[in-house]
Amino acid sequence: MRVLQHRGQESAGIAVYNNGIKALKGMGLAHQALRADDLHNLKGETGIGHVRYSTVGSSSPENAQPVVMSTNYGDIALAHNGEIVNGDQLRDGLKKKGWAFATTSDSEIIIRMLANDISNTGDPVRSVKNVMASLIGSYSITLMVDSRVFALRDPLGIRPLCVGRTKGGYAAASESVVFDTLGGEFMRDVEPGELVELLPGEIRSTKTGLARGKAHCMFEWVYIARADSCLDGHLVYDVRRRIGQCLAREQPVDADVIVPVPDSGRSHSMGYAETSGIPYSEGLMKNRYVERTFIMPEQNDRTTSVMLKLNPLKSVIKDKRIVLVDDSIVRGTTMRQIVQLVRNAGAKEVHVRIGSPPIRMPCYFGIDMKTRDQFAATGRTVEDIARMLTADSLGYISIDGLVDAIGHSASDLCLGCLTGEYPLPVEGEKVRFQKKLDSFA
Ligand code: SF4
(Lines give C-alpha, C1' and ligand atoms only; values in the text may rest on other atoms or scores of the structure.)
Protein backbone atom coordinates (compact mmCIF):
# COMPACT_ATOMS: atom_id res chain seq x y z
CA MET A 1 0.00 0.00 0.00
CA ARG A 2 2.88 2.34 0.64
CA VAL A 3 3.86 1.94 -3.02
CA LEU A 4 0.56 3.61 -3.95
CA GLN A 5 0.62 6.16 -1.14
CA HIS A 6 0.84 8.99 -3.71
CA ARG A 7 -2.77 8.16 -4.74
CA GLY A 8 -4.26 8.93 -1.32
CA GLN A 9 -3.01 10.12 2.02
CA GLU A 10 -6.14 10.63 4.11
CA SER A 11 -6.79 7.10 5.32
CA ALA A 12 -5.69 3.54 4.68
CA GLY A 13 -7.16 0.12 5.24
CA ILE A 14 -6.80 -3.57 4.56
CA ALA A 15 -9.29 -6.45 4.62
CA VAL A 16 -8.36 -10.16 4.61
CA TYR A 17 -10.30 -13.39 4.57
CA ASN A 18 -9.75 -15.69 7.50
CA ASN A 19 -12.94 -17.47 8.43
CA GLY A 20 -14.85 -14.32 7.55
CA ILE A 21 -13.54 -10.95 6.39
CA LYS A 22 -11.55 -8.95 8.96
CA ALA A 23 -10.50 -5.36 8.36
CA LEU A 24 -8.10 -2.78 9.79
CA LYS A 25 -8.56 0.89 8.92
CA GLY A 26 -7.29 4.21 10.18
CA MET A 27 -6.64 7.84 9.29
CA GLY A 28 -3.40 9.11 7.80
CA LEU A 29 -0.62 7.52 5.77
CA ALA A 30 -0.57 3.72 5.57
CA HIS A 31 2.14 3.32 8.22
CA GLN A 32 0.24 5.65 10.60
CA ALA A 33 -3.18 4.17 9.93
CA LEU A 34 -2.14 0.53 10.24
CA ARG A 35 0.04 -0.33 13.22
CA ALA A 36 2.67 -3.02 12.65
CA ASP A 37 1.43 -5.12 15.62
CA ASP A 38 -2.15 -5.11 14.36
CA LEU A 39 -1.03 -5.99 10.85
CA HIS A 40 1.06 -8.83 12.21
CA ASN A 41 -2.04 -10.32 13.79
CA LEU A 42 -4.16 -9.90 10.66
CA LYS A 43 -3.65 -13.21 8.88
CA GLY A 44 -5.39 -14.34 5.71
CA GLU A 45 -4.90 -16.06 2.37
CA THR A 46 -6.53 -13.32 0.32
CA GLY A 47 -6.99 -9.61 0.90
CA ILE A 48 -7.54 -6.14 -0.52
CA GLY A 49 -6.17 -2.75 0.54
CA HIS A 50 -6.91 0.90 -0.08
CA VAL A 51 -5.43 4.37 0.39
CA ARG A 52 -8.03 7.12 0.27
CA TYR A 53 -8.12 10.49 -1.48
CA SER A 54 -11.61 11.87 -1.00
CA THR A 55 -13.74 13.39 -3.74
CA VAL A 56 -17.19 12.36 -2.51
CA GLY A 57 -17.70 12.00 1.24
CA SER A 58 -15.68 13.68 3.93
CA SER A 59 -12.18 12.75 5.03
CA SER A 60 -13.28 10.87 8.14
CA PRO A 61 -12.78 7.45 9.77
CA GLU A 62 -16.23 6.15 8.79
CA ASN A 63 -15.42 6.77 5.10
CA ALA A 64 -12.11 4.88 5.23
CA GLN A 65 -11.97 1.80 3.00
CA PRO A 66 -12.24 -1.13 2.36
CA VAL A 67 -15.93 -1.03 3.22
CA VAL A 68 -17.00 -4.38 4.72
CA MET A 69 -20.50 -5.83 4.99
CA SER A 70 -22.01 -9.07 6.08
CA THR A 71 -24.78 -10.70 3.97
CA ASN A 72 -26.77 -13.95 3.86
CA TYR A 73 -24.37 -15.08 1.17
CA GLY A 74 -21.20 -14.24 3.12
CA ASP A 75 -18.93 -11.27 3.85
CA ILE A 76 -18.15 -8.65 1.24
CA ALA A 77 -15.35 -6.05 1.18
CA LEU A 78 -14.87 -3.34 -1.41
CA ALA A 79 -12.14 -0.78 -2.21
CA HIS A 80 -12.97 1.87 -4.79
CA ASN A 81 -11.01 4.43 -6.77
CA GLY A 82 -13.18 6.84 -8.73
CA GLU A 83 -16.48 8.62 -8.41
CA ILE A 84 -20.06 7.68 -9.16
CA VAL A 85 -21.75 10.49 -11.08
CA ASN A 86 -25.27 9.21 -10.42
CA GLY A 87 -24.47 8.36 -6.77
CA ASP A 88 -26.98 10.86 -5.34
CA GLN A 89 -29.82 9.59 -7.55
CA LEU A 90 -29.02 5.97 -6.69
CA ARG A 91 -28.85 6.78 -2.97
CA ASP A 92 -32.12 8.76 -3.02
CA GLY A 93 -33.88 6.00 -4.95
CA LEU A 94 -32.67 3.35 -2.52
CA LYS A 95 -33.58 5.47 0.52
CA LYS A 96 -37.13 5.74 -0.82
CA LYS A 97 -37.21 1.96 -0.86
CA GLY A 98 -36.23 1.93 2.81
CA TRP A 99 -32.48 1.40 2.56
CA ALA A 100 -30.29 3.06 5.17
CA PHE A 101 -26.75 4.39 4.67
CA ALA A 102 -24.06 4.79 7.30
CA THR A 103 -21.63 7.05 5.40
CA THR A 104 -21.57 9.81 2.79
CA SER A 105 -19.26 7.90 0.47
CA ASP A 106 -20.41 6.74 -2.98
CA SER A 107 -18.49 3.49 -2.41
CA GLU A 108 -21.05 2.51 0.23
CA ILE A 109 -23.80 2.72 -2.41
CA ILE A 110 -21.92 0.24 -4.60
CA ILE A 111 -21.28 -2.27 -1.84
CA ARG A 112 -24.87 -2.09 -0.55
CA MET A 113 -26.20 -2.70 -4.06
CA LEU A 114 -23.77 -5.59 -4.49
CA ALA A 115 -24.56 -7.08 -1.10
CA ASN A 116 -28.28 -6.96 -1.86
CA ASP A 117 -27.89 -8.41 -5.35
CA ILE A 118 -25.55 -11.21 -4.27
CA SER A 119 -28.01 -12.20 -1.53
CA ASN A 120 -30.63 -12.60 -4.30
CA THR A 121 -28.56 -14.21 -7.08
CA GLY A 122 -25.98 -16.16 -5.05
CA ASP A 123 -23.64 -15.42 -7.97
CA PRO A 124 -21.05 -12.64 -7.46
CA VAL A 125 -20.18 -12.41 -11.18
CA ARG A 126 -23.81 -11.95 -12.18
CA SER A 127 -24.35 -9.44 -9.40
CA VAL A 128 -21.32 -7.37 -10.39
CA LYS A 129 -22.70 -7.17 -13.93
CA ASN A 130 -26.14 -6.21 -12.62
CA VAL A 131 -24.76 -3.45 -10.41
CA MET A 132 -22.31 -2.13 -13.02
CA ALA A 133 -25.23 -1.65 -15.39
CA SER A 134 -26.73 0.92 -12.95
CA LEU A 135 -23.53 2.86 -12.23
CA ILE A 136 -22.49 5.96 -14.18
CA GLY A 137 -19.02 7.20 -13.38
CA SER A 138 -15.46 6.08 -12.88
CA TYR A 139 -14.58 3.06 -10.83
CA SER A 140 -11.63 0.76 -10.48
CA ILE A 141 -12.68 -1.62 -7.74
CA THR A 142 -11.22 -4.53 -5.85
CA LEU A 143 -13.83 -6.72 -4.27
CA MET A 144 -13.79 -9.68 -1.91
CA VAL A 145 -16.74 -11.99 -1.59
CA ASP A 146 -15.66 -14.19 1.29
CA SER A 147 -12.27 -15.48 0.14
CA ARG A 148 -12.83 -14.76 -3.58
CA VAL A 149 -11.04 -11.69 -4.95
CA PHE A 150 -12.28 -9.73 -7.97
CA ALA A 151 -11.19 -6.55 -9.72
CA LEU A 152 -13.36 -4.54 -12.07
CA ARG A 153 -12.98 -1.44 -14.19
CA ASP A 154 -15.65 0.96 -15.38
CA PRO A 155 -16.90 0.69 -18.98
CA LEU A 156 -14.69 3.58 -20.18
CA GLY A 157 -11.56 2.67 -18.20
CA ILE A 158 -11.34 6.17 -16.74
CA ARG A 159 -9.19 5.28 -13.73
CA PRO A 160 -6.31 2.80 -14.17
CA LEU A 161 -6.32 -0.85 -13.07
CA CYS A 162 -3.95 -3.67 -13.90
CA VAL A 163 -3.12 -7.24 -12.92
CA GLY A 164 0.13 -9.08 -12.38
CA ARG A 165 1.90 -12.01 -10.78
CA THR A 166 3.23 -11.87 -7.25
CA LYS A 167 5.24 -14.44 -5.32
CA GLY A 168 2.08 -15.93 -3.85
CA GLY A 169 -0.21 -15.80 -6.91
CA TYR A 170 -1.95 -12.92 -8.64
CA ALA A 171 -2.86 -9.37 -7.65
CA ALA A 172 -4.65 -6.34 -9.06
CA ALA A 173 -3.52 -2.76 -8.48
CA SER A 174 -4.12 0.77 -9.72
CA GLU A 175 -0.57 1.04 -11.06
CA SER A 176 2.01 -1.36 -12.46
CA VAL A 177 4.73 -0.02 -10.13
CA VAL A 178 3.25 -2.26 -7.42
CA PHE A 179 4.50 -5.34 -9.25
CA ASP A 180 7.99 -3.87 -9.83
CA THR A 181 8.46 -3.01 -6.19
CA LEU A 182 7.02 -6.24 -4.77
CA GLY A 183 9.26 -8.42 -6.94
CA GLY A 184 6.30 -9.48 -9.07
CA GLU A 185 5.53 -9.15 -12.74
CA PHE A 186 3.08 -6.79 -14.41
CA MET A 187 0.87 -8.74 -16.81
CA ARG A 188 -1.70 -6.41 -18.36
CA ASP A 189 -4.22 -3.62 -17.88
CA VAL A 190 -7.76 -4.60 -17.00
CA GLU A 191 -9.93 -3.68 -20.00
CA PRO A 192 -12.73 -1.13 -19.70
CA GLY A 193 -15.85 -2.96 -18.57
CA GLU A 194 -13.89 -6.10 -17.62
CA LEU A 195 -14.26 -8.09 -14.41
CA VAL A 196 -11.40 -10.39 -13.39
CA GLU A 197 -11.29 -12.96 -10.63
CA LEU A 198 -7.88 -13.73 -9.13
CA LEU A 199 -7.73 -17.48 -8.60
CA PRO A 200 -4.78 -19.54 -7.29
CA GLY A 201 -3.71 -20.71 -10.77
CA GLU A 202 -5.32 -18.26 -13.18
CA ILE A 203 -6.91 -14.89 -13.76
CA ARG A 204 -10.45 -15.49 -14.98
CA SER A 205 -11.82 -12.71 -17.16
CA THR A 206 -15.46 -11.85 -17.71
CA LYS A 207 -16.42 -9.21 -20.26
CA THR A 208 -19.51 -7.55 -18.90
CA GLY A 209 -20.63 -6.33 -22.33
CA LEU A 210 -20.85 -2.81 -20.93
CA ALA A 211 -17.62 -1.41 -22.47
CA ARG A 212 -18.29 1.76 -24.44
CA GLY A 213 -14.93 2.71 -25.89
CA LYS A 214 -12.25 4.34 -23.76
CA ALA A 215 -11.83 7.55 -21.81
CA HIS A 216 -8.61 7.20 -19.83
CA CYS A 217 -8.02 10.20 -17.54
CA MET A 218 -5.26 12.38 -19.05
CA PHE A 219 -4.42 13.68 -15.57
CA GLU A 220 -3.08 10.25 -14.54
CA TRP A 221 -0.18 10.68 -16.99
CA VAL A 222 0.21 14.39 -16.28
CA TYR A 223 0.27 14.26 -12.49
CA ILE A 224 -1.45 11.48 -10.52
CA ALA A 225 0.43 8.28 -11.35
CA ARG A 226 4.01 7.51 -10.46
CA ALA A 227 6.49 8.19 -13.28
CA ASP A 228 7.64 4.55 -13.18
CA SER A 229 4.15 3.14 -13.76
CA CYS A 230 2.93 2.00 -17.16
CA LEU A 231 -0.75 2.90 -17.70
CA ASP A 232 -2.76 1.49 -20.58
CA GLY A 233 0.38 0.74 -22.56
CA HIS A 234 2.29 4.00 -21.96
CA LEU A 235 5.03 4.53 -19.39
CA VAL A 236 4.23 7.67 -17.40
CA TYR A 237 7.85 8.86 -17.41
CA ASP A 238 8.05 8.65 -21.22
CA VAL A 239 4.78 10.56 -21.58
CA ARG A 240 5.96 13.32 -19.24
CA ARG A 241 9.24 13.64 -21.12
CA ARG A 242 7.40 13.91 -24.42
CA ILE A 243 5.14 16.54 -22.86
CA GLY A 244 8.25 18.53 -21.87
CA GLN A 245 9.70 18.20 -25.37
CA CYS A 246 6.47 19.40 -26.95
CA LEU A 247 6.22 22.24 -24.42
CA ALA A 248 9.72 23.42 -25.41
CA ARG A 249 8.69 23.47 -29.09
CA GLU A 250 5.34 25.18 -28.45
CA GLN A 251 6.42 27.57 -25.68
CA PRO A 252 10.13 28.41 -26.16
CA VAL A 253 11.86 31.02 -23.98
CA ASP A 254 15.30 32.57 -23.74
CA ALA A 255 16.62 31.50 -20.35
CA ASP A 256 19.70 30.29 -18.43
CA VAL A 257 18.44 27.32 -16.47
CA ILE A 258 15.44 24.97 -16.23
CA VAL A 259 14.30 24.25 -12.68
CA PRO A 260 11.71 21.52 -12.13
CA VAL A 261 9.06 21.84 -9.45
CA PRO A 262 9.86 18.65 -7.53
CA ASP A 263 8.70 15.98 -7.90
CA SER A 264 5.76 16.59 -10.22
CA GLY A 265 7.62 18.66 -12.83
CA ARG A 266 10.81 16.64 -12.95
CA SER A 267 10.21 14.39 -15.96
CA HIS A 268 8.52 17.23 -17.90
CA SER A 269 11.62 19.38 -17.25
CA MET A 270 13.95 16.71 -18.60
CA GLY A 271 12.04 16.77 -21.87
CA TYR A 272 12.01 20.57 -21.97
CA ALA A 273 15.79 20.63 -21.43
CA GLU A 274 16.45 17.99 -24.13
CA THR A 275 14.57 19.95 -26.78
CA SER A 276 15.47 23.51 -25.76
CA GLY A 277 19.17 22.84 -25.03
CA ILE A 278 18.86 24.93 -21.85
CA PRO A 279 20.66 23.29 -18.89
CA TYR A 280 18.53 21.54 -16.27
CA SER A 281 19.32 21.98 -12.60
CA GLU A 282 17.65 21.03 -9.33
CA GLY A 283 17.09 24.53 -7.99
CA LEU A 284 14.40 23.62 -5.47
CA MET A 285 15.19 21.08 -2.76
CA LYS A 286 12.27 19.09 -1.47
CA ASN A 287 11.59 17.90 2.03
CA ARG A 288 10.46 14.36 1.28
CA TYR A 289 8.52 14.03 4.50
CA VAL A 290 5.79 16.50 3.55
CA GLU A 291 2.83 14.89 1.76
CA ARG A 292 1.63 15.69 -1.77
CA THR A 293 -0.02 19.09 -1.58
CA PHE A 294 -2.58 18.82 -4.40
CA ILE A 295 -4.37 15.88 -2.83
CA MET A 296 -4.59 17.47 0.63
CA PRO A 297 -8.25 18.17 1.36
CA GLU A 298 -7.77 21.62 2.98
CA GLN A 299 -6.40 24.73 1.25
CA ASN A 300 -4.66 25.90 4.47
CA ASP A 301 -2.72 22.62 4.67
CA ARG A 302 -1.67 23.01 1.06
CA THR A 303 -0.45 26.60 1.54
CA THR A 304 1.65 25.90 4.63
CA SER A 305 3.08 22.77 3.10
CA VAL A 306 4.61 24.55 0.09
CA MET A 307 6.82 26.59 2.41
CA LEU A 308 7.75 23.53 4.44
CA LYS A 309 8.30 21.44 1.35
CA LEU A 310 10.57 23.48 -0.89
CA ASN A 311 13.83 25.33 -0.31
CA PRO A 312 15.51 27.23 -3.19
CA LEU A 313 19.20 26.69 -3.97
CA LYS A 314 20.54 30.23 -4.32
CA SER A 315 23.68 29.14 -6.16
CA VAL A 316 21.51 27.76 -8.98
CA ILE A 317 18.95 30.56 -9.07
CA LYS A 318 20.65 33.89 -8.20
CA ASP A 319 20.93 36.32 -11.13
CA LYS A 320 19.63 33.72 -13.60
CA ARG A 321 16.68 33.65 -15.99
CA ILE A 322 14.77 30.63 -14.71
CA VAL A 323 12.27 28.37 -16.52
CA LEU A 324 10.13 26.82 -13.82
CA VAL A 325 8.43 23.67 -15.14
CA ASP A 326 5.49 21.91 -13.48
CA ASP A 327 2.81 19.45 -14.51
CA SER A 328 -0.31 21.58 -14.09
CA ILE A 329 -1.86 24.64 -12.50
CA VAL A 330 -5.17 24.05 -10.77
CA ARG A 331 -5.77 26.76 -8.18
CA GLY A 332 -2.53 28.65 -8.83
CA THR A 333 -1.83 29.32 -5.15
CA THR A 334 1.02 26.80 -4.96
CA MET A 335 2.68 28.03 -8.14
CA ARG A 336 2.44 31.67 -7.02
CA GLN A 337 4.28 30.79 -3.83
CA ILE A 338 6.94 28.88 -5.74
CA VAL A 339 7.49 31.79 -8.15
CA GLN A 340 7.93 34.08 -5.16
CA LEU A 341 10.36 31.64 -3.50
CA VAL A 342 12.46 31.65 -6.67
CA ARG A 343 12.30 35.44 -6.96
CA ASN A 344 13.33 35.83 -3.31
CA ALA A 345 16.32 33.58 -4.03
CA GLY A 346 17.54 36.23 -6.51
CA ALA A 347 16.23 35.06 -9.91
CA LYS A 348 16.52 37.70 -12.62
CA GLU A 349 13.44 36.41 -14.50
CA VAL A 350 10.96 33.61 -13.79
CA HIS A 351 9.21 31.94 -16.75
CA VAL A 352 6.60 29.30 -15.95
CA ARG A 353 5.95 26.39 -18.35
CA ILE A 354 3.13 23.95 -17.69
CA GLY A 355 2.71 20.37 -18.93
CA SER A 356 -1.06 20.42 -19.21
CA PRO A 357 -3.40 22.88 -20.95
CA PRO A 358 -5.36 25.27 -18.68
CA ILE A 359 -7.74 23.41 -16.38
CA ARG A 360 -11.01 25.34 -16.49
CA MET A 361 -13.73 22.77 -15.85
CA PRO A 362 -14.63 20.52 -12.93
CA CYS A 363 -13.80 16.83 -12.72
CA TYR A 364 -16.69 14.47 -11.91
CA PHE A 365 -14.68 11.26 -12.19
CA GLY A 366 -12.40 11.04 -9.17
CA ILE A 367 -10.16 14.11 -8.99
CA ASP A 368 -11.05 16.75 -6.43
CA MET A 369 -11.53 19.73 -8.77
CA LYS A 370 -15.13 20.60 -8.27
CA THR A 371 -16.00 24.25 -8.76
CA ARG A 372 -15.09 26.46 -11.67
CA ASP A 373 -14.27 29.47 -9.50
CA GLN A 374 -11.38 27.65 -7.80
CA PHE A 375 -9.38 27.40 -11.05
CA ALA A 376 -6.68 29.92 -11.82
CA ALA A 377 -7.66 29.76 -15.51
CA THR A 378 -11.37 30.52 -15.03
CA GLY A 379 -12.15 33.89 -16.62
CA ARG A 380 -8.46 34.76 -17.05
CA THR A 381 -6.23 34.98 -20.10
CA VAL A 382 -2.78 33.37 -19.97
CA GLU A 383 -1.32 36.88 -19.43
CA ASP A 384 -3.72 37.45 -16.51
CA ILE A 385 -2.64 34.17 -14.93
CA ALA A 386 1.04 35.06 -15.41
CA ARG A 387 0.39 38.33 -13.56
CA MET A 388 -1.44 36.48 -10.78
CA LEU A 389 1.55 34.15 -10.44
CA THR A 390 3.93 37.14 -10.55
CA ALA A 391 5.78 35.33 -13.40
CA ASP A 392 7.54 37.08 -16.30
CA SER A 393 5.85 34.73 -18.74
CA LEU A 394 3.61 31.66 -18.71
CA GLY A 395 3.13 28.97 -21.35
CA TYR A 396 0.91 25.88 -21.41
CA ILE A 397 1.12 22.85 -23.70
CA SER A 398 -1.73 22.71 -26.24
CA ILE A 399 -4.43 20.04 -26.07
CA ASP A 400 -3.21 18.54 -29.36
CA GLY A 401 0.36 18.49 -28.00
CA LEU A 402 -0.76 16.73 -24.83
CA VAL A 403 -2.79 14.13 -26.73
CA ASP A 404 0.20 13.40 -29.01
CA ALA A 405 2.53 13.07 -26.02
CA ILE A 406 0.22 10.60 -24.24
CA GLY A 407 0.05 8.47 -27.38
CA HIS A 408 -3.66 7.59 -27.27
CA SER A 409 -6.11 9.20 -29.65
CA ALA A 410 -8.24 12.00 -28.21
CA SER A 411 -11.30 9.76 -28.49
CA ASP A 412 -9.67 7.28 -26.08
CA LEU A 413 -8.98 9.95 -23.44
CA CYS A 414 -11.03 11.94 -20.95
CA LEU A 415 -10.15 15.62 -21.45
CA GLY A 416 -13.25 16.91 -19.67
CA CYS A 417 -11.54 19.33 -17.28
CA LEU A 418 -9.75 20.93 -20.27
CA THR A 419 -12.54 21.04 -22.84
CA GLY A 420 -15.72 21.02 -20.72
CA GLU A 421 -17.01 18.09 -22.77
CA TYR A 422 -17.25 14.86 -20.85
CA PRO A 423 -17.23 11.19 -21.84
CA LEU A 424 -20.32 10.51 -19.70
CA PRO A 425 -23.53 12.44 -19.22
CA VAL A 426 -23.19 14.83 -16.28
CA GLU A 427 -26.13 17.02 -15.35
CA GLY A 428 -25.58 20.56 -16.65
CA GLU A 429 -22.48 19.62 -18.70
CA LYS A 430 -21.88 18.75 -22.34
CA VAL A 431 -21.07 15.28 -23.62
CA ARG A 432 -17.72 15.18 -25.43
CA PHE A 433 -16.72 15.62 -29.02
CA GLN A 434 -19.20 18.19 -30.08
CA LYS A 435 -16.32 20.32 -31.38
CA LYS A 436 -12.90 19.76 -32.89
CA LEU A 437 -10.03 19.73 -30.40
CA ASP A 438 -8.27 22.77 -31.88
CA SER A 439 -11.31 24.92 -31.11
CA PHE A 440 -10.39 24.62 -27.42
CA ALA A 441 -6.83 25.95 -27.91
S1 SF4 B 1 -12.21 15.50 -16.00
FE2 SF4 B 1 -9.95 15.74 -16.06
S3 SF4 B 1 -9.18 14.94 -14.11
FE4 SF4 B 1 -11.31 14.23 -14.36
S5 SF4 B 1 -11.16 12.21 -15.28
FE6 SF4 B 1 -11.39 13.66 -16.95
S7 SF4 B 1 -9.29 14.22 -17.53
FE8 SF4 B 1 -9.20 13.23 -15.54
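Remember, it's a predicted structure, so these values are computed and weren't measured experimentally. Read the numbers this way: they start at 1 and go in the same order the structure lists the ligands and their atoms. By convention here, the first residue in the shown sequence is residue 1.
For E194 and R153, the salt-bridge test fails: no basic side-chain N is under 4.0 Å from an acidic carboxylate O. The pair D384-R387 counts as a salt bridge, with a side-chain nitrogen and a carboxylate oxygen less than 4.0 angstrom apart. Using a cut-off of 4.0 Å between Lys/Arg side-chain N and Asp/Glu carboxylate O, R343 and D392 are scored as salt-bridged.
Residue Q245 forms a side chain to side chain donor-acceptor pair (under 3.5 Å) with just one option from E250, H268, E274, and that option is E274.
Excluding waters, the protein N/O/S atoms found under 2.8 Å from atom 6 (Fe) of ligand 1 are C414 SG.
At least one heavy atom of M369 sits closer than 4.0 Å to an atom of ligand 1.
Looking at heavy atoms from C-beta onward, L402 lies in side-chain contact with V222 at the 4.5 angstrom threshold.
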After noting the C-alpha distance and the side-chain angles of D327 and R240, does the key distance pass the salt bridge (charged side-chain N to carboxylate O under 4.0 Å, His left out) rule? CA-CA 8 Å; D327 62 288; R240 289 182 188 164; over 6 Å; no
